[in-house]
Amino acid sequence: MADQAYDEAVAAQPEEEGYERGLGGRQIQMIAIGGAIGTGLFLGAGTAISKAGPSLILSYAVAGVVIFAIMRALGELLTYRPVSGSFAEYAREFLGPFAGFATGWTYWLFWVVTGMAETTAAAVYVRFWEPGIPQWASALAFLVLLYAANLISVKLFGEIEFWFSMVKVTAILGMILIGIGVLTLGFTDAGDTASVTHLWQDGGFFPQGVGSTVMTLQIVMFAYLGVELVGVTAGESRDPARTLPRAINTLPWRIALFYVGALAVILAVVPWTEFRPGTSPFVAAFEKMGIPAGASVINFVVLTAALSSCNSGMYSTGRMLRDLALRGQAPAGAARLNARRTPAVAITASCLLMGIGVVLNYLTPGKAFEYITSVATVCGLWTWAVILLSQLRYRRAWQGGRLPAPAFKAPGGRWPSVLALAFLALVVVLIGFDPDARISLYVFPLWAALLGGGYLVLARTRPEAVRGRTEQPLATESGS
């Protein structure tokens with residue numbers, strides 16, 4: 001039965017998906033870096049610091065180890081068969097038709113909701129300069145601008161993301177270097193009080209208790225959402241067998257530098273007690289230092305980071321929705337490519353749904369970010385769990401001689417994946433204890449019911465679609 005499922009899934013995958021393979025190694029590397037640096041670090045860390053203090057550094061480090069295990073598991077799958085819409089395709093092959101159907105739609109929902117979170121964060125950053133501008137108005141403006149930017153060639157998309165990511169990386173490196181200078185040379189207004197002793201003297205390393213630190217794990221995991229985006233680029237990468245493993249292998253130093261290193265420096269320069277929820281710790285640190293225009297510069301950088309992540313989200317939703325349409329699991333129109341070989345119809349549909357975030361910013365501007373990120377986190381956890389389960393099934397298949405072995409094997413055998421699954425289960429439990437995040441546990445069962453109902457209807461009306469087979473054309477629209 002399992003072998004038959006594998007054979008059907010492989011046969012259902014088209015060899016040519018119609019995309020332009022326009023993403024080079026330089027762009028893939030920066031997309032991988034940029035996907036891991038976004039709102040969760042620049043804005044969400046402020047709330048997490050207020051709840052856990054310096055021990056948040058440990059939360060990011062532990063969660064980072066789990067993320068690396070997930071990405072190495074994904075690396076096995078990607079070098080086995082690099083395809084666009086990879087998460088749904090692997091779930092379809094190794095876990096069954098319903099798992100593929102559910103994963104495709106859930107990952108699409110994840111990036112739709114993440115797009116809402118990123119535009120919400122961008123609107124919050126604008127209020128740093130212009131408090132009088134309604135939060136919903138800024139969110140709407142950014143949504144429209146990014147939609148327009150996404151109707152371009154993938155090569156130009158990759159170039160835009162490269163420079164967006166370069167801004168984020170440069171800013172964090174600059175922040176770390178300035179922070180080290182403040183600690184060692186004592187310049188700026190924070191020079192007299194900055195000290196590494198802030199990491200343990202202001203109430204200790206666990207000032208709110210170990211329990212509060214554990215509770216921040218669900219906030220921390222949101223910060224890492226997006227690292228799996230390199231899997232979606234597989235169908236448009238020029239040399240996936242070389243560029244994707246390289247991007248994954250650089251993940252540990254990215255986590256050590258951009259998350260653990262940056263937070264350690266910030267919390268040494270500014271005591272954790274001075275950070276507030278809903279405020280970027282990077283902006284607050286520069287305000288504390290008193291560097292002229294420093295806070296405004298950093299606010300611009302974090303605004304760029306949010307827009308970059310949302311831009312990547314629109315890219316991802318378009319590809320995932322088109323992948324579903326190619327298999328008859330979404331409206332046929334979403335499968336069409338425009339003259340520039342981008343899924344314009346799928347991007348448009350996804351962007352319209354992202355507009356719900358604008359409504360939330362109008363109705364509940366104070367809680368919009370927390371509500372949206374909690375739903376995005378649960379969708380992301382599902383995707384990561386599917387990656388791990390698919391890798392475990394694939395590992396069993398190639399070890400049994402039923403499938404070829406990967407060129408990029410995950411270290412440690414199956415145990416890192418098993419432990420990572422247990423960690424994800426713990427995060428779901430923690431979400432249930434957080435009053436603000438708990439809404440996602442109410443939303444997700446409704447989403448699961450919708451998926452189950454949709455799958456049953458599809459199985460009765462189009463049985464070939466639930467097996468992942470496609471009758472949709474892969475070519476572009478006429479005139480392309």
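Here the closest heavy-atom approach between residue I266 and residue A285 is recorded as CG2-CB, 4.3 Å. Contact record, V265 with G179: CG1-CA, 3.5 Å, taken as the closest heavy-atom pair. The two atoms that bring L441 and V428 nearest to each other are CD1-O, 4.2 Å, heavy atoms only. Heavy-atom minimum distance, L183 versus V196: CD2-N, 4.1 Å. The two residues V66 and A420 make their nearest non-hydrogen contact at CG1-CB, 3.9 Å. The nearest pair of heavy atoms linking I49 to P281 is CD1-CB, 3.9 Å.
Put simply, the side chain of S50 gets close to the backbone of T47: a donor and an acceptor are under 3.5 Å apart. At least one donor-acceptor pair under 3.5 Å links the side chain of S55 to the backbone N or O of A52. A donor-acceptor contact shorter than 3.5 Å links the side chain of E76 to the backbone of A410. Although no hydrogens or angles enter the test, the distance criterion places a donor-acceptor pair under 3.5 Å between the side chain of H198 and the main chain of T193. Under a 3.5 Å cut-off, the side chain of T119 and the backbone N or O of M116 do form a donor-acceptor pair. No donor-acceptor pair under 3.5 Å is formed between the side chain of T170 and the backbone N or O of V167. Without hydrogens or angle criteria, W382 side chain to C379 main chain gives no donor-acceptor distance under 3.5 Å. For R438 (side chain) and G432 (main-chain N/O), a donor-acceptor pair under 3.5 Å exists by modelled atom type. A donor-acceptor contact shorter than 3.5 Å is absent between the side chain of D202 and the backbone of P271.
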- request: Applying side-chain contact (heavy atoms from CB on, under 4.5 Å), run through L388 and V418 and close with a yes or a no.
  value: CA-CA 8 Å; L388 293 167; V418 172; over 6 Å; no
task: For the pair D434 and Q218, evaluate side-chain contact (heavy atoms from CB on, under 4.5 Å) and give the outcome as yes or no after the intermediate values.
output: CA-CA 9 Å; D434 189 322; Q218 55 100 1; 2.7 Å; yes
message: Between I67 and M221, is the side-chain contact (heavy atoms from CB on, under 4.5 Å) condition met? List the steps.
response: CA-CA 9 Å; I67 292 298; M221 293 305 283; 3.9 Å; yes
task: List the steps and the verdict of side-chain hydrogen bond (donor to acceptor under 3.5 Å, both in side chains) for S308 and K168.
output: CA-CA 9 Å; S308 170; K168 292 187 280 188; 3.3 Å; yes
message: Go through it in stages, so that I can follow the logic: the residues are S59 and T213, the test is side-chain hydrogen bond (donor to acceptor under 3.5 Å, both in side chains), and I'd like the CA-CA distance, side-chain angles, deciding distance and then a yes or no.
response: CA-CA 7 Å; S59 294; T213 302; 5.5 Å; no
task: Please assess V62 against F423 for the test side-chain contact (heavy atoms from CB on, under 4.5 Å), listing each intermediate value before the final yes or no.
output: CA-CA 10 Å; V62 171; F423 183 87; 4.0 Å; yes
Trace of the side-chain hydrogen bond (donor to acceptor under 3.5 Å, both in side chains) decision for T317 with W111: CA-CA 6 Å; T317 53; W111 272 114; over 6 Å; no
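In this pair, Y224 and Y60 present their aromatic rings perpendicular. The plane angle is above 60°, beyond the 30 to 60° band.
Between the CG atom of L257 and the CG atom of L173 there is a distance of 5.5 Å, given to the nearest 0.5 Å. Atom CG of L78 is separated from atom CZ of R72 by 11.5 Å, given to the nearest 0.5 angstrom. I70 CD1 to I248 CD1: the interatomic distance, rounded to the nearest 0.5 Å, is 12.0 Å. For the atom pair N249 CG and R254 CZ, the distance stands at 10.0 Å (nearest 0.5 Å). Here the CG atom belonging to L140 is positioned 9.5 Å from the CG atom belonging to L145, to the nearest 0.5 angstrom. In this structure, I387 CD1 and L424 CG are separated by 10.0 Å, a value rounded to the nearest 0.5 Å.
A salt bridge links K288 and E274; the closest N-O separation between the charged side-chain nitrogens and carboxylate oxygens is under 4.0 Å.
For F110, the ring pair (Phe, Tyr, Trp, His ring centres under 6.0 Å) partners are Y107, not counting sequence neighbours. Applying the ring pair (Phe, Tyr, Trp, His ring centres under 6.0 Å) rule to F286 yields no partners; only residues at least two apart in sequence or on another chain are considered.
Side-chain contact check for L392 versus L421: some heavy-atom pair is nearer than 4.5 Å. You'll find the side chain of L74 reaches within 4.5 Å of the side chain of F87, heavy atoms only. Within the 4.5 Å cutoff, the side chain of L217 has heavy atoms near those of the V214 side chain. Using a 4.5 Å cut-off on side-chain heavy atoms (C-beta onward), F258 and V169 make contact. Residues Q135 and R127 form a side-chain contact, since some pair of their non-hydrogen atoms from C-beta on lies under 4.5 Å apart. Considering only heavy atoms from C-beta on, P207 comes within 4.5 Å of P54 through its side chain. The shortest side-chain heavy-atom distance between V345 and L337 does not fall under the 4.5 Å cut-off. The shortest distance between side-chain heavy atoms of R322 and R336 does not fall below 4.5 Å.
Under a cut-off of 6.0 angstrom, the local environment of CZ in F300 is sparse, with at most 12 non-hydrogen atoms contributed by other residues, nucleotides or ligands. Enclosure of atom CH2 in W272 by more than 12 non-hydrogen atoms of other residues, nucleotides or ligands within 6.0 angstrom is indicated.
Under the 6.0 Å cut-off for aromatic ring centres, Y394 and Y80 qualify, their centroids lying closer than that.
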Which pairs would a plain distance check flag for residues 347-358, meaning a side-chain donor or acceptor within less than 3.5 Å of a matching protein atom at least two apart in sequence or in another chain?
unit_1	atom_1	unit_2	atom_2	d
T348	OG1	Y147	OH	2.8
T348	OG1	A344	O	2.8
S350	OG	W108	NE1	2.8
S350	OG	A346	O	2.9

